[in-house]
Number of protein chains: 2
Amino acid sequence: MVSIKKIAQDIGVSTATVSNALTGKGRVSEQMVARIRSRAEELGYRPSTVARALKTGQTGILGLVMPDLTNPLFPRIAQMLSIAADTRKFGILIADSRGSPQEQTEALRRLLDRGVDGLLIVPQKGTTPEPMPVPVAVINTASDPANSVSADHAGGGALVARHIADIGHRRVVILGGDAVSEVQQDRIAGMTRALPPTVDARIMWGDAGIERAVAEVQAGATAILTTSDLIALRVRSELMRAQIPAPDQVSLTGFDDMSFAPIMHPALTTVAQNVDEIAARAIDIISTKIRGGTHPREGETVPMRLVVRQSTSIPNHPAQRRPSR
Amino acid sequence: MVSIKKIAQDIGVSTATVSNALTGKGRVSEQMVARIRSRAEELGYRPSTVARALKTGQTGILGLVMPDLTNPLFPRIAQMLSIAADTRKFGILIADSRGSPQEQTEALRRLLDRGVDGLLIVPQKGTTPEPMPVPVAVINTASDPANSVSADHAGGGALVARHIADIGHRRVVILGGDAVSEVQQDRIAGMTRALPPTVDARIMWGDAGIERAVAEVQAGATAILTTSDLIALRVRSELMRAQIPAPDQVSLTGFDDMSFAPIMHPALTTVAQNVDEIAARAIDIISTKIRGGTHPREGETVPMRLVVRQSTSIPNHPAQRRPSR
DNA sequence: ACCCTCTGATTAATCGTTCAATCAGAGGGT
DNA sequence: ACCCTCTGATTGAACGATTAATCAGAGGGT
């Protein structure tokens, strides 16, 4: 490995001068800077991030903790974070908390031991991470007081609910996966708040909820709003089993615009997160925090975007038929 | 931050003794080891991985490069690699190559600059990474000469093809996504080799292939074997549009057992990768390489597992009806 | 008493970089 | 001549650990 020392010897100056020339910090004449730069280039010099880290106390590495990497949405977040991070010259060290809070704590400890400059945390459902010795950016949802940035899940819920109300549905089912999840709670809260009082909405949860939702459709409900594309897909399967056509007899919506949403049949109406923006904001926040500042927009959410596809349509139920708008 | 020096001062010995006591390397009396250990415990001492890295030249960090993190299979690999890595005390630094070979090279350079001890590479479709200054483990497919470990894609193709042949199909379509992908090539090669000569199989590729496959079914084919669950899902949508019932008129298979495979309708017959084993093997290989050894099983593949669900059944086409076995 | 060996510890260098402090010398002003 | 300022460079310590080389002293053998 070629070090600053080698360059210094070659040119006949001290290592300090080389360091200054390369980083542009001290006082070095222009010719000298040019000579050093070109020699460094020739030798293929790459500064040792390790040595720099030791001296400065900054590793330039961020730790990323996710609840369970198998959630199909996380890779996109991870990818965008990784891209946003390296515009700021940060690297990303991953840790998986394997679904358990103890493991999450373990994972955090390991990252801290490696000297990360900051932590990006997507918390376990229903847990709040304890205070950390380094700056932290939490990506969760608006109702989490620790939240640094996240999608506007409630707003997204409102978008999809309003869409359903607008096209004429009057009796709907709202279907959540896991009531412990704050994200899902917020999505549902957004839906219920946005629905006009003329709409009859019932909230159901979990596996049992899926069956009950189908029964509810047979009893006259014309739409099922879910908090996840995965749930929507399962509902779709149950509907087929019950021979209920979608969207003819029932409209269906998901959440997150996962990979399969556009290619399932009917293509799923859903709400997309602006993952790029969330990632960029998270990196922005964590890096200002690391520099000791306070980010003006910390805690703000990023709007979601309604993606209307074929799984939602005007209700076709005899009791509720109405002219198209 | 509490360092080795602080402990040394507290007890009144040299830092060397503390280092020796903690790592168990030099000659230190048992009582002294005990005293140092307990003092370290009290102070909450955590060794600086950065300082250690500078001195030893080993960071204990592996770089992970993936072609495009949005592929729904990669998060599982990343998760398992991360878990396997930390049993070996390695951390994992991620980099995304955003689909382009140049970016892949860039990503590798960034990781090397951070001083990773080794690289885990899932290559871009159709590209072979150039030689690297650190040990590398490549996760790709058997036909890649650089491959270190991977699923036995050809074997997986054989499993699913044999299943289809066994239950009586005689005219099938094999549908690939992208002919550039070596993985998909291997899967298809495995399928065709495993099919008996009595079976008529046609290979088709890409978006155009999906339409042609549906036409082929209308012309009498009774099964479509795809190289990916995502493709299978798209085929499923096209079949519904064409009002072709599955699996009644046509059996359908995917690959990779993605999250939605069990919950789509009909639940998808597919081939699962043993991701845990692949990850564990990859870490094993890279760590023996880092220690300067050669791994005895490098290059071997890990068997895939056929997962039979409702999307495949005995062919029901009049021309090919036969008794159940 | 002398030499040898062994144990348990210390010394000091080193990894590659940064940075505050220092210094040599040029040039200007009086 | 003398003092002052400014520029461009150097010195040397530090970051926190590891490690080869060294050393003091205890004990054993002759």
Side-chain angles (χ1 to χ4, degrees), chain A residues 1-37 39-40 43-61 89 91 112-117 133-134 290-291, chain B residues 1-37 39-41 43-61 89 91 112-117 133-134 291:
Chain A
M1 274 298 85
V2 32
S3 74
I4 227 176
K5 204 167 173 180
K6 166 76 175 147
I7 300 177
Q9 285 175 346
D10 278 17
I11 306 217
V13 295
S14 72
T15 61
T17 302
V18 177
S19 173
N20 286 334
L22 259 23
T23 58
K25 288 224 174 121
R27 285 192 295 230
V28 190
S29 64
E30 290 197 20
Q31 311 98 293
M32 187 55 87
V33 169
R35 283 178 64 197
I36 290 175
R37 284 262 163 79
R39 188 74 190 122
L43 295 173
Y45 167 75
R46 315 257 67 191
S48 156
T49 54
V50 173
R52 184 174 291 168
L54 178 58
K55 177 63 191 181
T56 63
Q58 305 256 295
T59 52
I61 295 182
K89 307 291 178 204
L112 288 174
D113 278 357
R114 296 218 179 260
V116 297
D117 291 342
V134 298
I290 288 172
R291 283 193 300 264
Chain B
M1 274 297 87
V2 31
S3 74
I4 226 176
K5 203 168 175 181
K6 166 76 177 149
I7 300 176
Q9 285 175 345
D10 279 16
I11 307 216
V13 295
S14 72
T15 61
T17 304
V18 176
S19 174
N20 285 333
L22 259 23
T23 57
K25 290 228 173 115
R27 283 190 298 227
V28 189
S29 66
E30 290 197 19
Q31 312 98 290
M32 188 55 88
V33 169
R35 283 179 63 196
I36 290 175
R37 285 261 162 77
R39 189 76 190 118
E41 185 77 20
L43 294 174
Y45 168 75
R46 316 256 66 189
S48 156
T49 53
V50 173
R52 184 174 290 167
L54 177 58
K55 177 63 191 184
T56 63
Q58 304 256 298
T59 53
I61 295 183
K89 306 291 177 204
L112 289 173
D113 278 357
R114 296 220 176 260
V116 297
D117 290 343
V134 297
R291 283 192 299 264

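Letters go in sequence order (proteins before strands), and every chain restarts at 1. Side chains are part of it too, since the values below use all heavy atoms of this structure and drop only hydrogens, waters and symmetry mates.
Contact of the B:Met32 side chain with the B:Ile11 side chain is registered, since non-hydrogen atoms from C-beta on lie closer than 4.5 Å.
Remark: C1' of C:dG16 and CZ of A:Arg46 are 15 Å apart, rounded to the nearest angstrom. Per the geometry, CZ belonging to A:Arg52 stands 18 Å off P belonging to C:dC15, to the nearest Å. Taking atom CD on A:Gln9 and atom P on D:dT10, their separation rounds to 13 Å, with Å as the unit. Distance, A:Gln58 CD to C:dG16 P: 22 Å, rounded to whole Å. Going from atom CG of A:Leu22 over to atom P of C:dT17 covers 9 Å, rounded to whole Å. Distance, B:Met1 CE to D:dA14 C1': 18 Å, rounded to whole Å. In this structure, A:Lys5 places its NZ atom 13 Å from P of D:dT11, rounding to the nearest Å. Across the protein-nucleic acid pair, A:Arg27 atom CZ and C:dA20 atom P stand 13 Å apart, rounded to whole Å.
A pairwise comparison of heavy atoms in A:Tyr45 and A:Leu22 identifies CE2-CD2, 3.7 Å as the closest pair. When every heavy atom of A:Leu43 is checked against every heavy atom of A:Val2, the shortest pair comes out as O-CG1, 3.5 Å.
In this view, B:Lys6 and B:Asp10 satisfy the side-chain hydrogen bond (donor to acceptor under 3.5 Å, both in side chains) rule, not counting sequence neighbours. The side-chain hydrogen bond (donor to acceptor under 3.5 Å, both in side chains) search around A:Arg114 returns none, not counting sequence neighbours. Under the rule for a side-chain hydrogen bond (donor to acceptor under 3.5 Å, both in side chains), the partners of A:Asp117 that lie at least two apart in sequence or sit in another chain are A:Thr59.
Of the candidate nucleotides C:dG16, D:dA17, C:dT17, C:dT17 has the atom nearest to the side chain of A:Tyr45.
Proximity of a side-chain donor or acceptor of A:Ser19 to a complementary backbone N or O of A:Thr15 within less than 3.5 Å is not detected.
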Practice problem: Both distances under 3.5 Å, Watson-Crick or G-U wobble: on that basis, could you give the dot-bracket string for DNA chain C, with [ ] for crossing pairs and | for other-strand partners? | Solution: ||||||||||||||||||||||||||||||

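The line from CG of B:Asn20 to CD1 of B:Ile4 is 8.5 Å long, rounded to the nearest 0.5 Å.
A sub-4.0 Å separation between OP1 or OP2 of C:dA9 and a side-chain N or O of B:Ser29 is present. The shortest distance between the side-chain N/O atoms of A:Ser14 and the OP1/OP2 oxygens of D:dT10 is below 4.0 Å. Applying the 4.0 Å criterion to OP1 and OP2 of C:dT18, one finds that A:Thr23 has every side-chain N and O outside that range.
Contacts of A:Val13 with the nucleic acid, taken as non-hydrogen atoms under 4.0 Å apart, involve only primed sugar atoms and P, OP1 or OP2.
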Table of protein N/O atoms under 3.5 Å from nucleotides 19-21 of chain D N/O atoms:
| unit_1 | atom_1 | unit_2 | atom_2 | d |
| --- | --- | --- | --- | --- |
| D:dT19 | OP2 | B:Lys25 | NZ | 3.4 |

What pairs of donor and acceptor atoms, side-chain ones from residues 47-54 of chain A against any protein atom, are under 3.5 angstrom apart with sequence neighbours left out?
| unit_1 | atom_1 | unit_2 | atom_2 | d |
| --- | --- | --- | --- | --- |
| A:Ser48 | OG | A:Val50 | N | 3.4 |
| A:Ser48 | OG | A:Ala51 | N | 2.9 |
| A:Thr49 | OG1 | B:Asp113 | O | 3.3 |

